[in-house]
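In what follows, a single structure is set out as structure tokens and then discussed.
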Amino acid sequence: MDCIFCKITDGSIPSRKAYEDDKILAFYDINPQTPVHILVIPKAHIPSVDFITEENSDTVSYIFEKIPKIAKESGITNGYRVISNCGEDAAQSVEHLHFHILGGAKMLEKMA
Ligand code: 5GP
Ligand code: ZN
């Protein structure tokens, strides 16, 4: 499959890893929007939030269980945002489910 995040998962595209286990991978975004910008993905290919189902949502809750630990271990001490862009209007650019962890700076703008 021609998916860059599947290639990052299998190691054929290198990444700077923040956390990894058998189910999920967290790695630093190549184009950081905040001082700490990490992407957390399931190792299994899920295209976006639109494709979360009863069958795969255990991985998603597992990701959210790990996010506070990943944020803390990456040096985020004063809060962070978790964002997932889904579909065209949200400007999703990689069609493999990912959650952005954004931290390390005071974010003034609020989208919602
Ligand atoms: P999206 O726009 O789909 O919400 O987020 C995709 C993110 O993946 C972007 O922030 C982009 O910088 C990041 N990205 C795209 N290609 C690569 C890559 O090859 N390596 C890493 N580490 N990040 C990538
Ligand atoms: Zn993929």
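As a basis for the values below, the full set of heavy atoms in this structure was taken, side chains included, without hydrogen atoms, waters or symmetry mates. Order of listing sets the numbers, starting from 1, for every ligand and every atom in it. Model, not experiment: these values are computed from the prediction.
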Does Lys43 come within less than 4.0 Å of Asp10, counting only side-chain N to carboxylate O? no

Which atoms of ligand 1 are found less than 4.0 Å from any heavy atom of Gln92? 3 (O)

Any atoms of ligand 1 less than 4.0 Å from a non-hydrogen atom of Ile4? List them with their elements. 15 (C), 16 (N)

Enumerate the atoms of ligand 1 whose separation from the nearest heavy atom of Asn31 is less than 4.0 angstrom. 12 (O)

Could you pull out the atom name of the N/O/S atom in His45 that is nearest the Zn ion (ligand 2)? ND1

How long is the gap from CD1 on Ile24 to OG1 on Thr59, to the nearest 0.5 Å? 9.0 Å

The answer for which part of Ala91 has a heavy atom under 4.0 Å from ligand 1 is backbone

Any nitrogen or oxygen of Tyr28, main chain or side chain, under 3.5 Å from a nitrogen or oxygen of ligand 1? yes

Among Asp29, Ile38, Asn85, which one puts a heavy atom closest to atom 13 (C) of ligand 1? Asp29

Any chance you could measure Ile4, atom CD1, to Ser12, atom OG, to the nearest 0.5 Å? 11.0 Å

Closer than 4.0 angstrom: is that true for some heavy atom of Ile83 and an atom of ligand 1? no

Check for me whether His98 has a heavy atom closer than 4.0 Å to any atom of ligand 1. yes

Distance under 4.0 Å to a non-hydrogen atom of Phe27: what atoms of ligand 1 satisfy this? 21 (C), 22 (N)

For atom 19 (O) of ligand 1, grab the closest protein heavy atom and report residue, atom and distance to one decimal in Å. Ile8 CD1, 4.0 Å

Heavy-atom side-chain contact between Thr53 and Phe51 under 4.5 Å: no

Has ligand 1 got any nitrogen or oxygen that is less than 3.5 angstrom from a nitrogen or oxygen of Ile30? yes

Which atoms of ligand 1 are found less than 4.0 Å from any heavy atom of Ser93? 1 (P), 2 (O), 3 (O), 5 (O), 6 (C)

Audit row: Ser74, Tyr28, side-chain contact (heavy atoms from CB on, under 4.5 Å) steps and yes/no: CA-CA 10 Å; Ser74 306; Tyr28 287 85; 3.6 Å; yes

His100 near ligand 1, heavy-atom distance under 4.0 Å? yes

Enter the distance from Lys17:NZ to Ile38:CD1 here, rounded to the nearest 0.5 Å. 14.0 Å

Show your working on side-chain contact (heavy atoms from CB on, under 4.5 Å) between His98 and Val40 and close with a plain yes or no. CA-CA 5 Å; His98 52 284; Val40 191; over 6 Å; no

Looking only at distances, please establish whether an N/O atom of ligand 1 is found under 3.5 Å from an N/O atom of Val94. yes

Distance in Å, Gln92 CD paired with Ser48 OG, rounded so as to fall on 0.5 Å steps: 5.0 Å

Looking only at N, O or S atoms, find the one in His96 nearest to the Zn ion (ligand 2) and name it. ND1

Same cluster or not: are Val60 and Leu25 linked, directly or through other Ile, Leu, Val, Met, Phe, Trp or Tyr residues, by side-chain heavy atoms under 4.5 angstrom apart? no

Using a 4.0 Å cut-off to any heavy atom of Phe5, which atoms of ligand 1 qualify? 8 (O)

Any Ser15 heavy atom less than 4.0 Å to ligand 1: no

Straight-line distance of Asp21 CG to Lys66 NZ, nearest 0.5 Å: 6.0 Å

With the side chain counted from C-beta on, respond yes when Leu39 and His100 share a heavy-atom pair under 4.5 Å apart, and no when they do not. yes

